[in-house]
Amino acid sequence: MSYITIALAKGRLADLSMDLLEHCGIDCSEARSSSRKLIFDDDKSGVRLILVKPVDVPTYVDHGAADIGIAGSDTVMEYGGSLYEMLDLGFGRCRMVLAGPDDKSGGIIKANTRVATKYPNIADDYFRRRGQTVDIIKLNGSVELGPLVGLSDVIVDLVETGSTLRENGLHVIDEVCQVSARLIVNRASLKTKHQTIMDIVEAVKAFVQKGE
């Protein structure tokens with residue numbers, strides 16, 4: 001049987017994605033109940049779900065290991081690549097921001113400011129558009145620690161409520177972009193499996209619009 005493979009980001013986004021897919025007639029019960037399996041087939045809908053790290057969703061889709069993916073727009077933007085971004089799904093909303101200590105309240109005022117971030121490509125694009133030259137430092141976690149220990153002057157990171165920033169003596173200097181979950185599609189798959197993929201896309205779109 002030929003499946004349409006959908007890559008889902010592990011964690012909270014996977015649960016929200018499965019809520020959405022179930023409303024579109026895709027059985028996600030096995031994926032919800034299993035703690036070890038990573039691949040789940042729903043023969044009735046012809047859909048295969050694979051659970052991967054959030055940062056890897058665009059990679060699986062771009063290289064054709066998955067036909068469709070659901071990932072945060074931050075992950076999609078950071079990856080780049082030749083993906084079709086089909087829908088803004090409206091959940092997983094947060095902000096990508098430039099943040100720093102209180103003494104940075106006036107914004108960046110010197111050249112070669114050090115910026116700690118998990119998103120070097122997004123940060124580089126942001127500062128290029130501002131016409132500023134900065135030193136970007138890639139971190140994989142606890143980005144807010146950068147300014148506290150002298151590793152960086154400011155950070156570029158995701159925030160939801162801003163409480164973590166405040167607890168570490170940081171505040172938002174500027175908003176880089178809004179972030180939400182997006183449905184992405186492999187370019188080749190959209191050509192070779194066009195109707196089947198578009199049926200899923202349209203079902204998802206109808207449900208998202210209904211909930212707006």
Side chain to side chain, [X] and [Y], heavy atoms closer than 4.5 Å:
X    : Y    : answer
V179 : E160 : no
L21  : L8   : yes
D43  : Y3   : yes
N121 : Y79  : no
S29  : F40  : no
D15  : M18  : yes
H63  : N186 : no
I184 : V76  : yes

Spacing of I197 atom CD1 and K191 atom NZ [to the nearest 0.5 Å] =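 Nearest 0.5 Å value for the CD1-NZ distance: 12.5 Å.
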
ask   = When rounded to the nearest 0.5 angstrom, what distance separates CD1 in I68 from OG in S189?
value =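 One finds 8.5 Å between CD1 of I68 and OG of S189.
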
inquiry  = Is it the case that the side chains of T113 and D153 hold a donor-acceptor pair, with the cut-off being a distance below 3.5 Å and no angle test?
reply    =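 Side-chain D/A pair, D153 to T113: absent.
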
ask   = Can you tell me if Y119 and D157 form a side-chain donor-acceptor pair at under 3.5 Å?
value =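 Short answer, no.
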
Give the minimum heavy-atom separation between [X] and [Y], together with the two atoms involved.
X    : Y    : value
A14  : L51  : CB-CD2, 4.4 Å
V176 : V97  : CG2-C, 3.8 Å
E30  : K37  : OE2-NZ, 2.6 Å
L139 : A116 : CD1-CB, 3.8 Å
D88  : S180 : OD1-OG, 2.8 Å
V154 : I173 : CG1-CD1, 4.0 Å

query = How about K138: does its NZ atom have over 12 heavy atoms from other parts shown lying under 6.0 Å from it?
reply =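 Above 12, so yes.
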
ask   = Just wondering, are more than 12 heavy atoms of other shown residues or ligands nearer than 6.0 Å to CZ in R128?
value =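 Not buried by this count: 12 neighbours or fewer within 6.0 Å.
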
With a 3.5 Å distance limit and no angle check, can you tell me whether [X] reaches the backbone of [Y] through a side-chain donor-acceptor pair?
X    : Y    : value
D135 : R114 : no
H171 : G100 : yes
Q178 : R93  : no

Test applied, side-chain contact (heavy atoms from CB on, under 4.5 Å); reference residue, L98; option that passes from V156, V172, T117 =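 Option passing the side-chain contact (heavy atoms from CB on, under 4.5 Å) with L98: V156.
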
inquiry  = Test side-chain hydrogen bond (donor to acceptor under 3.5 Å, both in side chains) on T133 and N112; report intermediate values, then the result.
reply    = CA-CA 6 Å; T133 301; N112 298 316; 5.7 Å; no

Applying a strict under-4.5 Å side-chain criterion to I, L, V, M, F, W and Y, I'd like to know whether [X] and [Y] cluster together.
X    : Y    : answer
L170 : M96  : no
L190 : L89  : yes
V55  : I155 : no
L158 : Y126 : yes

ask   = Do NZ/NE/NH1/NH2 and the carboxylate oxygens of D199 and K193 come within less than 4.0 Å?
value =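 No, D199 and K193 are not salt-bridged.
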
task = May I have the step-by-step check of side chain to side chain contact (heavy atoms under 4.5 Å, CB included) for K205 and M198, ending in yes or no?
result = CA-CA 10 Å; K205 182 178 179 181; M198 288 309 300; over 6 Å; no

